[in-house]
Amino acid sequence: MNKDIYLSNSLGGKKEKFIPINPKKVRMYVCGPTVYDDPHIGNARPLVVFDILFKVLKCKYGKSSVLYARNITDVDDKIIDGAKKKNISIDKLTKDITKRFDDDCDYLNCEKPSFEPKATENIPLMIDMINVLIKKNNAYENKSHVYFNVSSFKDYGKLSNKNVDELFAGARVEVSENKKRPEDFVLWKPSTEDEPGWDSPWGRGRPGWHIECSAMSKKFLGDTFDIHGGGRDLLFPHHENEIAQSRCANENKPLSNYWIHNGFITVSNEKMAKSQGNVFKIKDFYEKYNGQVLRLALMSTHYRQAMDWNENLLTQSKKTLDKWYECQKKPEGKVLIPDDDLAPLYDDLNTPGYISNIHKLYDKAAKGSEKDKEIFTTACNFIGLLTEPKSKWLEFKKNILEISEEEILQKIKDRNTARDNKNYQLADEIRNELLDKGILIEDKDDKTTWKIK
RNA sequence: GGUAACGUGGCGGAAUGGUUACGCAGAGGAUUGCAAAUCCUUGUAUCCCGGUUCGAUUCCGGGCGUUACCUCCA
């Protein structure tokens, strides 16, 4: 499609036309998971949002012209704590959770990014960058710690709209005696014997939280790239700090031209948080819902809005997919989505607007030609829906049934006998009984068919 | 306290300086033994108060309310 892509840029707070640095090499970096616990639906949102952005970019610039990097943070204090709590090794914990994360991505039908670098595999790069920052007087060492000197970077606070003096004037920031100023943040800290550590000019230790993204994005995407994404909460301090580190280390070159942040998921209108006890893990849904149901649910709200997660949302999504599967037809050859229908996705990833268009394409397909069904299916496929055959969709539903197929068929037989005898009361009883078990029967012409509700 | 975002029908959720998409639910009808499915038809909404305007839900100001970030967090 010839249309331009527009994106809401957190840097500046406006929707802007997306102009890549090099249309033959569009580059996007998204902050990935810290592998200390099973991913939850809050993690699922950016996975799906940026998966769609990845698809949209590829659609516009060509499949091989888009690079997408998403890091895996496998060294962090939360990981150390998590391993202690579970009484397993750090290595086992990070491997297990990384595997879980991969499974969750598959479940949600997210494409693999071009790169998925791990922090622990790039420690030397971080050490190099910290060295550069120290040389340039943007960082200082004190007692085996290295801190970034925030006052050395005059644009600090520009992304998150914060005034450094005001921000840190109060007593809310943890004050460490090692730091010169409260706003300074750690680039490197020492590790004890039993903590993971790497040798460095400042002794055995490990990197601070922010430096990995600066080091790895530089390695895989270069000093300046097009899009940097993540959850809203990362805007400050994480992304602010990334900018400070990267620009100071890279001759003040911008880190990313566009900053995209997705909104939060709430549960019963309250923030989902461990302290609230309302965290839904992605794997908790494996049994009950096909991953597409979650995917559609996550797309039903614009990515910047807060969205409330509840049963009704999933029920509706499931129902919609059930309906849509009726018109699934695998496209033969190349089928194009009409520009007007695709347009909302180009306009700041307006997924609800796009879904609305899919509904219209469905209406057409439901009564129209095979070609219309192919267009409809292609439109669904584009956002990662209806990609698996209908048989699989039905199979999933069958697997969660509590009644066997033989029993169902027997009941239907019984009911039809009752109907033949005009014993409609018994017939209706049997139907209701099946309905209670999630089986819907339909009398069509002379045949009775059944399906899972 | 500082910085932001948001407030659209019963629910979810877009868009817009002038008939307010779309889905779910609801209502009526066709169909049916009754249903289901399908098809047709259909009602209902822009937090409040000012301002700009021929006209605002949309722009501006104020208020009220909700939420987030400012501390680990997607």
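Scope of the values below: all heavy atoms of this structure, side chains included, with no hydrogens, waters or symmetry mates. Throughout, a chain's letter reflects where its sequence line sits, starting with A, and its residues are numbered from 1. Quantities reported herein were computed from a predicted structural model and do not represent experimental measurements.
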Whole-Å distance, Lys158(A) NZ to U3(B) P, equals 19 Å

Using a cut-off of 4.0 Å on non-hydrogen atoms, how would the nucleic acid contact of Lys367(A) be classed: base, sugar-phosphate, or nothing? sugar-phosphate

Rounded to whole Å, CG of Asp443(A) lies from P of G33(B) at a distance of 9 Å

Describe the nucleic acid contact of Lys323(A) in one word from base, sugar-phosphate, nothing, applying a heavy-atom distance below 4.0 Å. sugar-phosphate

Ranking G33(B), G23(B), C24(B) by distance to the side chain of Lys319(A), first place goes to C24(B)

Practice item. Go through the steps for Phe185(A) and His210(A) under the test ring-ring contact (aromatic ring centres under 6.0 Å, His included), then give the verdict. Key: CA-CA 9 Å; Phe185(A) 56 91; His210(A) 315 290; 5.3 Å; yes

Do His239(A) and His261(A) have ring centroids that are under 6.0 Å from one another? yes

Arg431(A) has its side chain closest, among A74(B), U3(B), A35(B), to A35(B)

Under a 3.5 Å limit on both distances, the Watson-Crick or wobble mate of C6(B) is G65(B)

Which of A21(B), A14(B), C24(B) is nearest the side chain of Gln305(A)? It is A14(B)

Closest non-hydrogen contact found for Asn109(A) with Gly384(A) is ND2-O, 2.9 Å

*Pick the P atom in G63(B) and in U3(B), then give their distance to the nearest Å.*
14 Å

- For Asp428(A), answer base if it contacts any base atom (sugar-phosphate contacts may also be present), sugar-phosphate if it contacts only those atoms, and nothing otherwise; contact means non-hydrogen atoms under 4.0 Å. base

Query raised in the report: Is the Tyr147(A) to His145(A) ring centre distance short of 6.0 Å?
Result: yes

By nearest-nucleotide position on RNA chain B, the 5'-leaning member of Ala366(A) and Arg419(A) is Arg419(A)

Applying the 3.5 Å cut-off to both distances, the Watson-Crick or G-U partner of G17(B) turns out to be none

Against the side chain of Arg232(A), the closest entry in G23(B), A4(B), A74(B) is A4(B)

Atom CZ of Phe264(A) and atom P of C6(B) are separated, to the nearest Å, by 17 Å

Separation of G23(B) atom P from Leu313(A) atom CG, nearest Å, is 17 Å

Separation of A14(B) atom C1' from Leu345(A) atom CG, nearest Å, is 13 Å

Practice problem: Check every strand shown and say whether His302(A) touches a base, only sugar-phosphate, or nothing at a heavy-atom separation below 4.0 Å. | Solution: sugar-phosphate

Regarding the side chain of Lys360(A), the nearest nucleotide among A14(B), C22(B), C24(B) is C22(B)

**Message:** For A74(B) and Asn43(A) - does any side-chain N or O of the residue sit under 4.0 Å from the phosphate oxygens OP1/OP2?
**Reply:** yes

Trp324(A) CH2 to C22(B) P, in whole Å, measures 14 Å

### Message
Need one value for Leu435(A): base, sugar-phosphate or nothing, where a base atom within 4.0 Å counts as base even if backbone is also close, heavy atoms only.
### Response
nothing

Exercise. Provide the distance between the two C1' atoms, one in A14(B) and one in A45(B), to the nearest whole Å.
Key: 14 Å

Across every strand shown, the nucleotide meeting Watson-Crick or G-U wobble geometry with U38(B) (both distances under 3.5 Å) is A30(B)

>> For Phe280(A) and His40(A), I'd like to know if the aromatic rings sit close, meaning centre-to-centre distance below 6.0 Å.
In response: no

Between A36(B) and C24(B), how far is it from one P atom to the other, in whole Å? 15 Å

Closest of C70(B), G13(B), C22(B) to the His359(A) side chain is C22(B)

Taken to the nearest whole Å, CG/Asp341(A) to C1'/C22(B) is 13 Å

Any strand, both distances under 3.5 Å, Watson-Crick or G-U wobble: U52(B) pairs with none

Between CG of Leu440(A) and P of U38(B) the distance, given in whole Å, is 10 Å

Of Asn423(A), Asp428(A), Asp443(A), the one forming a side chain to side chain donor-acceptor pair (under 3.5 Å) with Arg415(A) is Asp443(A)

Re C22(B): Watson-Crick or G-U wobble partner, both distances kept under 3.5 Å, found to be G12(B)

* When rounded to the nearest Å, what value does the distance between P atoms of U58(B) and G17(B) take? -> 11 Å

Looking only at A37(B), C69(B), C22(B), the nucleotide nearest the Glu442(A) side chain is A37(B)

(request) Can you tell me, in whole Å, how much space there is between the P of U8(B) and that of C59(B)? (result) 15 Å

Would you mind classifying the nucleic acid contact of Gly231(A) as base, sugar-phosphate or nothing, using non-hydrogen atoms under 4.0 angstrom? sugar-phosphate

Pick base, sugar-phosphate or nothing for Lys422(A), based on heavy-atom distances below 4.0 Å to the nucleic acid.
nothing

Taking C72(B), C11(B), G13(B) as options, the one with an atom nearest any side-chain atom of Asn312(A) is C11(B)

*asked:* Any base atoms under 4.0 Å from Arg70(A), or only sugar-phosphate, or nothing? Heavy atoms, all strands.
replied: nothing

pair_partner(C72(B)), Watson-Crick or wobble, both distances < 3.5 Å, evaluates to none

Exercise for review: For nucleotides C54(B) and C49(B), find the distance between their C1' atoms and express it as a whole number of Å.
Suggested key: 22 Å

- Item | Nearest-angstrom distance, P atom, A30(B) to G9(B) | 33 Å

Contacts of Thr320(A) and Pro46(A) projected onto RNA chain B by closest heavy atom; the upstream (5') one is Thr320(A)

Which part of the nucleic acid, if any, lies within reach of Leu47(A) when heavy atoms closer than 4.0 Å are counted: base, sugar-phosphate only, or nothing? nothing

Start with the C-alpha distance between Phe115(A) and Tyr68(A), add both sets of side-chain angles, then the distance that settles ring-ring contact (aromatic ring centres under 6.0 Å, His included), and finish with yes or no. CA-CA 6 Å; Phe115(A) 312 106; Tyr68(A) 172 20; 9.7 Å; no

C1' spacing across the pair C48(B) / C64(B), given as an integer number of angstrom: 7 Å

Note: Asp77(A)-Arg206(A) ion pair, threshold 4.0 Å (strictly below):
yes

**Report entry** Donor-acceptor pair present, Arg304(A) side chain and G13(B) base, under 3.5 Å
**Finding:** no

When Asp4(A), Asp348(A), Asp347(A) are each screened for salt bridge (charged side-chain N to carboxylate O under 4.0 Å, His left out) with Lys17(A), the one that passes is Asp4(A)

